[in-house]
Structure formats: structure tokens, C-alpha cells
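Here the structure is laid out as C-alpha cells; the discussion comes afterwards.
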Amino acid sequence: QTGKFTYDPGFMSTASCQSAITYIDGDKGELLYRGYPIEQLAVNADFLESCYLLLNGELPNKAEKEKFVNTVTRHTMVHEQMNFFFRGFRRDAHPMSVLVGTVGALASFYHDSLDINDPAQREISAIRLIAKLPTLVAMAYKYSVGQPFVYPRNDLSYSANFMHMMFSNPCEEYKVNDVLVRALDRILILHADHEQNASTSTVRLAGSSGANPFACIAAGIACLWGPAHGGANEAALNMLKEIGTPDKIPEFIAKVKDKNSGVKLMGFGHRVYKNFDPRAKLMRETCHEVLNELGLQNDPLFKLAMELEKIALEDDYFVSRKLYPNVDFYSGIVQSALGIPVSLFTGIFAMARTIGWIAQWNEMIADPEQKIGRPRQLYVGAARRDVPTIDKR
Ligand code: SDX
């Protein structure tokens with residue numbers, strides 16, 4: 001019995017920690033941020049309100065929201081020295097490798113003065129990370145396309161500012177489209193936190209030693225990059241492009257069913273959801289809205305994705321294995337429609353998940369009982385034996 005929730009002893013023994021931030025019921029397909037259903041937050045709140053909620057436990061009122069937004073907005077610039085880090089990367093470096101490097105480098109700007117046992121300093125670290133990730137993601141994009149970095153603006157909302165830093169250039173200012181900005185904001189809300197997923201567990205384990213929080217978030221970014229985790233949206237879109245047309249779906253499905261092929265249906269399946277991922281439904285709706293706004297209702301990839309989803313959901317191979325679309329199945333199509341390059345999809349996921357990582361890190365550091373993480377193993381190696389001298393080997 002933990003608070004209002006009862007778990008069976010077997011589950012309790014496997015839990016890596018206790019947390020009050022996010023609740024998932026994999027069988028019901030339910031996701032709550034601090035008790036609020038994700039499908040209501042995606043409609044009745046914006047991303048920064050969701051950040052405030054995940055960090056502080058309650059949704060902000062108008063005055064609290066205004067103060068939080070102003071503080072985040074005024075931390076969106078990065079130190080000018082950061083520009084030099086980018087010069088060291090190849091222009092074609094994967095944005096996730098750039099983010100691992102540049103977010104880790106932020107630790108060098110906030111190392112000496114940072115006392116993680118001081119709640120106020122933990123809060124400003126959280127604000128800096130929420131504020132600077134979009135700037136670094138946009139800088140990684142600009143560097144890859146050979147365009148100059150674009151500074152953030154204080155008169156734009158969080159998501160509009162990101163689109164500005166991505167798509168404005170010295171010759172032409174990005175024209176804010178509210179439907180597209182709202183869609184990006186919703187994508188960020190849907191990806192903000194997801195209890196103890198692989199990358200969040202990485203951040204918690206790194207943070208449990210008292211390491212610098214910026215370095216811990218860089219560790220989370222490294223873990224998220226994997227195709228089985230945050231890299232799935234990039235892999236799912238590449239899979240759709242590989243299938244090409246609906247008539248090729250049966251051939252692809254046959255390949256997935258052939259265990260020797262090692263081919264997975266990217267964007268399907270989940271370690272916890274054995275029902276629909278509630279985020280996938282919201283992502284499909286967002287997809288519809290964006291494509292309608294852009295007059296791309298007949299986008300071939302979206303039609304292919306819907307046909308693939310329909311076929312898979314009627315196929316016993318997937319149904320019997322409880323494999324349903326997850327958050328990554330549609331997110332690639334939406335992000336493509338927003339003009340975001342495939343290589344940056346996981347960077348957007350990292351931008352969104354930063355609040356989840358830092359809220360979970362903060363919850364752990366604030367716990368006076370917290371100890372350094374030390375997972376145990378089942379040893380299956382050689383029994384004790386003596387070392388022979390080299391002439392006897
Ligand atoms: C995210 O943890 C989180 O919360 C993560 C995340 C978050 O917000 O942080 O939700 C984000 O990572 C979503 C997942 C994105 N990954 C993908 O879409 C990649 C494709 N999915 C798979 O790699 C897989 O589904 C996993 C990794 C997500 C889960 O793998 P599991 O735990 O091995 O799945 P399972 O145990 O439920 O598998 C049951 C069976 C196995 O086959 P059998 O041995 O029973 O014959 O289903 C098979 C698996 O091989 N299977 C798949 C499959 N996923 C599982 N077969 C084909 N295609 C797939 N996608």
C-alpha cells in the first residue's frame with residue numbers, strides 16, 4: 001500500500017523507486033501527470049503549464065504561470081562560448097550526438113556554483129534546462145544546414161520561439177502559425193514524462209551519485225537516442241518510407257513475423273502498455289489537425305500509416321502479443337509536416353522529456369532517504385580458480 005495505490009508484493013519487489021510524478025496503467029492505457037489524465041492536459045493546458053505541474057505537483061494559476069513563463073523565457077539564451085562547441089562537430093553529425101555533447105558541456109558553466117542540496121539551486125537548474133534545450137536543438141539543426149544560429153525572442157511563446165529559432169533566418173522571419181505551434185506544444189506535452197522508462201532511470205541512477213544535473217540529463221539523452229526507445233519515431237518514419245505503398249504492407253508484415261529477420265514494427269509495442277498507448281490516439285488526432293491545416297489530408301505516408309495500423313490491429317500476431325501503436329508511430333509524420341527533419345525527431349523528444357527527467361531527478365535528490373543506486377546481478381560466470389603462470393597457460 002503506497003498512498004492511495006495498492007500493489008501486489010511481487011510488483012513492489014521489482015519497483016526501482018517510489019514516485020509521485022507520473023502514473024501509468026498499462027492494461028487500461030491510462031497515463032496521469034500528477035493525477036491529471038494526459039488527454040485532458042493535452043487540451044486544457046500548454047507545455048509550460050505541464051512543466052510547472054510536473055516540477056511542483058500542481059497546475060499554476062494565472063499569476064504563477066506568468067512568473068514561470070517569464071523566468072523560463074529569460075533563460076532561453078545560451079552562453080556565447082557554447083557557439084564554439086558546435087564548431088568542433090562535423091556538419092553531418094547526428095543531432096543527438098551534438099545534444100549529448102552540448103548539454104553535457106552546460107555542466108561546465110554551472111558546476112562550481114551549483115549546490116544540488118539547495119532547493120532554489122535545483123529549481124534554477126530545472127529552469128535553465130527547460131529553457132535552453134530548444135535553443136540547443138535549434139542550434140544543432142542550423143549548424144547541420146549551414147545557416148547562422150537564430151537567437152530566441154522574449155515576445156514569443158515557448159513552442160513559437162522554437163519554430164522561430166529553427167526556421168527564421170537573416171533574410172526572412174518565421175511566420176508563426178498558431179495551429180502548427182499548438183501541435184508542437186501538444187507533442188511536447190505527450191512526451192514530457194513517462195515514469196521509470198530507460199532514459200529516466202538513467203538520469204536517476206547518474207543523479208544518485210550526486211553528479212551535476214546537466215551531466216545527468218546528457219546521460220538521459222544518450223539513452224533516449226536508442227531505436228528501441230526515443231529513436232523509434234525516426235525509425236518508424238523510415239519504416240513507412242521503406243514500405244512505400246499500401247500494397248507492400250503484407251510483404252513487410254511477413255518479414256516482421258519472421259523472427260530471423262530481426263525486423264520490428266517500429267512505433268508498435270511497449271514495455272508497459274499492453275493496450276493502446278493513450279498518447280498514440282492524441283498523436284493521430286494532432287496529425288489530422290496539422291495535415292488538414294497544411295492541406296496535406298492526402299499525405300501518402302499518413303494514409304500508409306493508417307492502413308498499416310488497421311491491418312496490424314486485425315492481425316492475431318500483433319493482437320496476441322498485445323502490440324499496439326505507441327507514441328512514436330504517428331509523431332514522425334506530424335513532425336515531418338511541421339518541417340522538422342527526421343534526424344531531429346529524437347532531439348524534439350529529448351527537448352520534451354527534459355522536464356520529466358529533471359522533475360524525477362529533483363524528486364530523488366529532495367528525498368533525505370535517497371542513497372546511491374546499486375543494481376545487483378545474478379553471477380553466472382566461472383567458479384573461483386587459481387591463476388596459472390604464463391608458461392602453464
Ligand atoms: C518508447 O518505457 C517507456 O515508457 C518508453 C516510452 C517513453 O515515453 O519513455 O514510452 C517511449 O520508447 C516507446 C517504445 C518505442 N519503441 C518502438 O516502437 C520500437 C519497436 N518496439 C519494440 O522494440 C518493443 O515493442 C519494445 C522495445 C518497445 C518493447 O519490447 P518488449 O518488452 O520485448 O515487448 P514485449 O515483451 O511486449 O514483446 C512481446 C513479443 C515478443 O515476441 P515473442 O518473443 O513473444 O514471439 O512481441 C514481440 C517481441 O519480440 N515484439 C514485436 C514488437 N515489439 C515486441 N514484434 C514486432 N514488432 C514490434 N514492434
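One-based numbering, in listed order, for ligands and for the atoms of each.
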query: How does R353 reach ligand 1, by side chain, by backbone, by both or by neither, if only non-hydrogen atoms under 4.0 Å count?
result: side chain

task: Determine whether V203 and Y33 fall in the same hydrophobic cluster, where Ile, Leu, Val, Met, Phe, Trp and Tyr are linked whenever their side-chain heavy atoms lie under 4.5 Å apart.
output: yes

task: Find all atoms of ligand 1 within a distance of less than 4.0 Å from any non-hydrogen atom belonging to A232, and give their numbers and elements.
output: 15 (C), 16 (N), 17 (C), 18 (O)

message: Over 60° means perpendicular and under 30° means parallel, so tell me whether F167 and Y141 are parallel, tilted or perpendicular.
response: perpendicular

query: Heavy-atom distance to atom 44 (O) of ligand 1: which of K259, M266, R321 wins?
result: K259

message: Show me which atoms of ligand 1 lie under 4.0 Å from any heavy atom of V256.
response: 57 (C)

- request: Check the angle between the aromatic planes of F109 and H79 and answer parallel, tilted or perpendicular using the 30° and 60° thresholds.
  value: tilted

task: Return a yes/no value: protein heavy atom under 4.0 Å from atom 39 (C) of ligand 1?
output: no

task: Look at atom 24 (C) of ligand 1 and say which protein heavy atom is nearest, naming residue and atom and giving the distance to 0.1 Å.
output: F268 O, 4.3 Å

message: Would you say CD of E58 has more than 12 non-hydrogen atoms from neighbouring residues, nucleotides or ligands within 6.0 angstrom?
response: no

- prompt: For atom 14 (C) of ligand 1, what's the nearest protein heavy atom and its distance?
  reply: N326 ND2, 3.6 Å

- prompt: Starting from atom 35 (P) of ligand 1, which protein heavy atom do you reach first, and at what distance in Å?
  reply: K274 NZ, 3.9 Å

query: For atom 50 (O) of ligand 1, which candidate among H270, K264, H229, K322 holds the nearest heavy atom?
result: K264

task: Before signing off on this row, confirm whether D328 and ligand 1 have an N or O atom pair separated by under 3.5 Å.
output: no

Side chain to side chain contact (heavy atoms under 4.5 Å, CB included) partner of I217, the single match among V103, L99, V100: V103

- line: Ranked by distance from atom 27 (C) of ligand 1, the top protein heavy atom is A228 O, 4.1 Å

task: Return the residue, atom name and 0.1 Å-rounded distance of the protein heavy atom closest to atom 54 (N) of ligand 1.
output: L323 CD2, 3.6 Å

Protein non-hydrogen atom below 4.0 angstrom of atom 29 (C) of ligand 1 present: yes

statement: Judged by heavy atoms only, the candidate from N197, V327, T200 nearest atom 3 (C) of ligand 1 is N197

- prompt: Got a protein heavy atom sitting under 4.0 Å from atom 9 (O) of ligand 1?
  reply: yes

query: Mind checking whether I24 and Y36 sit in one hydrophobic cluster, side chains of I, L, V, M, F, W, Y counted as touching below 4.5 Å?
result: yes

task: Assign the ring pair H229 / F349 to parallel, tilted or perpendicular, where the plane angle (0 to 90°) is split at 30° and 60°.
output: perpendicular

message: Can you classify the ring geometry of H194 versus Y273 as parallel (below 30°), tilted (30 to 60°) or perpendicular (above 60°)?
response: tilted

- request: Following the transitive rule for hydrophobic clusters with a side-chain heavy-atom cut-off under 4.5 Å over Ile, Leu, Val, Met, Phe, Trp and Tyr, establish whether I249 and L323 coincide in one cluster.
  value: yes

message: Please classify the R279 to ligand 1 contact at 4.0 Å (heavy-atom distances, strictly less than): side chain, backbone, both or neither.
response: side chain

- prompt: Would you call E242 and K255 a salt bridge, taking side-chain N to carboxylate O under 4.0 Å as the test?
  reply: yes

- prompt: atom 58 (N) of ligand 1: which protein heavy atom is closest, and how many Å away?
  reply: L265 N, 2.9 Å

- prompt: Atoms of ligand 1 less than 4.0 Å from G267 heavy atoms?
  reply: 17 (C), 18 (O)

message: Minimum distance, heavy atoms only, to atom 32 (O) of ligand 1: which one of H194, R271, M239 is it?
response: R271

- request: With R321 as the cation and Y317 as the aromatic partner, state whether NZ or CZ is under 6.0 Å from the six-membered ring centre and within 45° of the axis.
  value: yes

task: Could you label the plane-to-plane angle of the Y324 and F276 rings as parallel, tilted or perpendicular, counting under 30° as parallel and over 60° as perpendicular?
output: tilted

